[in-house]
Amino acid sequence: MLDDVKRVEIATALEDLAAQVVWSADVWQQCYDLVGANAEEDDLLGYVHDDLIHYTGTRLLRSAPLPKDFGPYRQEFRNVATALRARMSLADYKKSYE
C-alpha cells in the first residue's frame with residue numbers, strides 16, 4: 001500500500017499534468033515516473049498508467065501533442081488525483097467516475 005505522503009505526491013503530479021495548457025515533456029515524465037514506480041502498489045495507479053502512455057498521443061510529423069490531443073484526459077487525471085487523496089480502491093473509482 002502507498003503511504004499518504006506518496007499518495008499526495010502522485011495526486012499533485014496528476015493535477016499538475018492536467019493543468020498544463022501547453023505540452024510539457026518534463027511534467028509528463030515526472031508524473032509518468034511516479035505512477036509507473038508505484039503502479040504495483042495500487043490498482044488505481046496501474047489503471048491510469050496505460051492512459052499516461054497514450055496521453056502523449058503524438059501523431060506523425062509532430063514532435064509533441066496539441067492541447068486538443070490531451071484535453072480528454074485532463075478530467076480523468078483530476079478524478080484519479082481526487083480518488084488517491086480519498087484512498088479509493090479501483091472499484092470505488094469506477095463506481096464514482098465511470
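None of the values given here were measured: they were computed from a predicted structure.
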Are the side chains of [Y] and [X] in contact, using a 4.5 Å heavy-atom criterion?
{"X": "L14", "Y": "L84", "value": "yes"}
{"X": "Q20", "Y": "W28", "value": "no"}
{"X": "D4", "Y": "R87", "value": "yes"}

For [X] and [Y], which heavy atoms make the closest approach, and how far apart are they?
{"X": "A81", "Y": "A11", "result": "CB-O, 3.5 Å"}
{"X": "A39", "Y": "L45", "result": "CA-CB, 3.9 Å"}
{"X": "E76", "Y": "D51", "result": "OE2-OD2, 2.5 Å"}

Practice item. Sorted by first residue and then second, give each salt bridge (Lys or Arg N to Asp or Glu O under 4.0 Å) pair with at least one member in residues 22-38; sequence neighbours left out. Key: none
**Study point:** Pairwise salt bridge (Lys or Arg N to Asp or Glu O under 4.0 Å) hits with a residue in residues 6-24, at least two apart
**Key:** K6-E9, R7-D42, E15-R85
Spatial distance of atom [atom1] ([X]) from atom [atom2] ([Y]) [nearest 0.5 Å]:
{"X": "H49", "Y": "L34", "atom1": "NE2", "atom2": "CG", "value": "11.0 Å"}
{"X": "F77", "Y": "L52", "atom1": "CZ", "atom2": "CG", "value": "4.5 Å"}
{"X": "I10", "Y": "L44", "atom1": "CD1", "atom2": "CG", "value": "10.0 Å"}

Review point. Residues sharing V22's hydrophobic cluster, by side-chain heavy-atom contacts under 4.5 Å among ILVMFWY, directly or via others?
Key: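 Grouped by the 4.5 Å side-chain rule, V21 form the rest of the cluster around V22.
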Contacts of [X] that satisfy side-chain hydrogen bond (donor to acceptor under 3.5 Å, both in side chains) - sequence neighbours left out:
{"X": "D43", "answer": "none"}
{"X": "N79", "answer": "Q75"}
{"X": "E41", "answer": "none"}

Check your understanding: Does S89 have any side-chain contact (heavy atoms from CB on, under 4.5 Å) partners at least two apart in sequence or in another chain, and if so, which?
Key ->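 For S89 the side-chain contact (heavy atoms from CB on, under 4.5 Å) partners, ignoring immediate neighbours, are A91, D92.
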Review point. Side chain to side chain contact (heavy atoms under 4.5 Å, CB included) between Y97 and M88: does it pass, once the steps are laid out?
Key: CA-CA 11 Å; Y97 294 106; M88 280 185 183; 4.2 Å; yes
